[in-house]
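Just so you know, ligand 1 is whichever comes first in the structure, and atom 1 is the first atom listed for that ligand. The figures that follow rest on heavy atoms only: side chains count, while hydrogens, waters and symmetry mates do not. Numbers here simply count residues along the sequence, with the first being 1.
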Amino acid sequence: MAKFIFTTGGVVSSLGKGIASASIGTLLKARGLKIAMQKCDPYINVDPGTMSPFQHGEVYVTDDGAETDLDLGHYERYTGTTTNSDSNVTTGQVYHSVISKERRGDYLGATVQVIPHITDEIKSCIYRLAERDPVDVVIVEIGGTVGDIESQPFLEAIRQVPNDVGRENVLYLHLALMPYLKASEELKTKTVQHSMRAMRDIGIQPDMLLCRSEVDFDEPVIQKISLFCNVRPEDVFKSLDVDEILKVPLALGEQGMDTRICAKLGLETGPCDLTKWKAMIRGIESMKDAVRIGVVGKYLDLNDAYKSIFESLRHGGFGNNVHVELLKIDSEKVTTSNVKNRLADVDGILIPGGFGNRGVEGKILAAHYARTNKIPYFGICLGMQCALIEYARNVCGLKKANSTEFDSGTEHPVVDLLATQRSISNLGGTMRLGKYVCRLTKGTRAQIAYGENLITERHRHRYEVNNKYREQLAEAGLILAGLTDDGALVEIIEAPDHPWYLGCQFHPEFKSRPTDPHPLFRDFIAAAKTYQHQRLGEEKKTAGKAPKTGGRKKS
Ligand code: GLN
């Protein structure tokens, strides 16, 4: 039978509950345990698929096509496990299911209430994950903070879990903020005390505390927290700022958190083997040079909107022993007259996915600039569609080429709605979602990167390359580097006579891992590194003297 770890948060959000939960996953997995992870989100949307990236950050897509919270990306990257549609539970899903059952008459005349019907539904979502593919430990993160009105049914549901599975099989971990007051030079524990009291008010006495603090603290503070919060001193842990976020599992492991978790849950395991993770960290610490990647997008003020892409670019750097510096470029501000200026001094250009026509012409200009100046280019989903439109306009001479997403009456709809999308009117969960098999064309950059002929990648789009233009584009030199296995859809394009210019209709960023960089990101960064050497070499020749740097140093 599975054991359950519930992580809750207090005081404020953005304390890194997702990373902490994922890091516990890393540690338990490194002990040889089989784990599953789940995020409970208390909002009423059925999933984040319909939410603006400004509101919610990236929508992370699972293999089985669920549109989910970005914390699932942390879970997959940190633990190397694969999440699924049961891994993200929202209030919207829970109510949707309960109301459907009520309409079917499943409750046999009962008055349907938050307790027990909503809480039972939440618990069944938690147990379903444990049963789907039996695991040793299920780690469930409850979104929001204790005290939020909307989190209450989730907290009530997890309070009830020990009644079903036995208290000895459940561990509650609470993460709370301890602020440092500069004026009085004091670290305050009162916030943690209040947060823990709020947990006790709803009937949960957390077993472990993770105190988020900007400054280190010592034994007397731990003793005080222990006394006031009813948690043994050896179960009070520190979550201090780290210079590299991927060090969090090591920081928790050094404090013995996994040892305590296993002891408390009666889990017998081997030692914690973090060899690969530690080698990755050593690799990061040994990097001296950096490449600069221009990311031309819309939501650049928010790191969360392109979370997996930024992480995957970093992984690509890990695979090439270089840091990746990001130059974030607002596509709405890119024009014919400034494109050269804005993209001068980048070693590679990436255009991420996106929806709607705002800023799209800037992206097409950037794709053109990358192709004609032989700068490594990586277009993801919309970024591939922009590259295709650019090629159609400027190489095939179809000056008015566009996607019907941006111009429904375009003369040359080189990107058009997928046939399966034409009759769809609901927005939620209706795109081409999840994993599909793609067959790679021999000798292409893509095939060289993957080293395989058949791959699977995750999708989230409604539009596709219009097959009516496939031949014309190919005759003009565009390389169709990947097609669906039945050949019906174009999945990867590449430009000819270019060191590395690739667009993919899928989202490779969802499958990259820090210890196992995705092949396309790895090879894109390798191409950027080569391009940088060439560029600096040319600068040297034109200047007739040594360049300022031998490679870009990390700033
Ligand atoms: N808007 C485009 C489509 O729906 C691209 C989507 C994306 O980039 N995820 O096809």
With heavy atoms of [X] as the reference, note each atom of ligand 1 found under 4.0 Å away.
X      : result
Arg460 : 6 (C), 7 (C), 9 (N)
Gly353 : 8 (O)
Arg462 : 3 (C), 4 (O), 10 (O)
Glu405 : 1 (N), 2 (C), 3 (C)
His507 : 9 (N)

Tell me which protein heavy atom sits closest to [atom], plus the residue, atom name and distance to 0.1 Å.
atom                    : value
atom 5 (C) of ligand 1  : Gly354 O, 3.3 Å
atom 10 (O) of ligand 1 : Tyr463 N, 2.9 Å
atom 7 (C) of ligand 1  : Cys381 SG, 2.9 Å

Original post:
Quick one: does ligand 1 sit under 4.0 Å from the side chain of Glu464, the backbone, both or neither, non-hydrogen atoms only?
Top reply: neither

Original post:
Looking at ligand 1, does Met431 have a heavy atom less than 4.0 Å from it?
Top reply: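 It does not, in that no heavy atom of Met431 comes within the 4.0 Å cut-off of ligand 1.
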
How far apart are the closest heavy atoms of [X] and [Y], and which atoms are they?
X      : Y      : answer
Gly49  : Val59  : CA-CG2, 4.2 Å
Thr404 : Pro413 : CG2-CB, 3.6 Å
Met51  : Asp47  : CE-O, 4.3 Å

Original post:
What about the rings of His518 and Tyr450, do their centers lie closer together than 6.0 Å?
Top reply: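 Yes, the ring of His518 comes within the 6.0 Å limit of the ring of Tyr450, centre to centre.
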
Original post:
With a 6.0 Å cut-off on ring centres, are His56 and Tyr43 close enough?
Top reply: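 Ring centres of Tyr43 and His56 closer than 6.0 Å.
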
**OP:** Determine, stepwise, if the pair Arg212 / Asp241 fulfils salt bridge (Lys or Arg N to Asp or Glu O under 4.0 Å).
**Re:** CA-CA 8 Å; Arg212 183 80 187 87; Asp241 291 353; 2.7 Å; yes

Subject >> CD1/Ile424: more than 12 non-hydrogen atoms of other groups inside 6.0 Å >> reply: yes

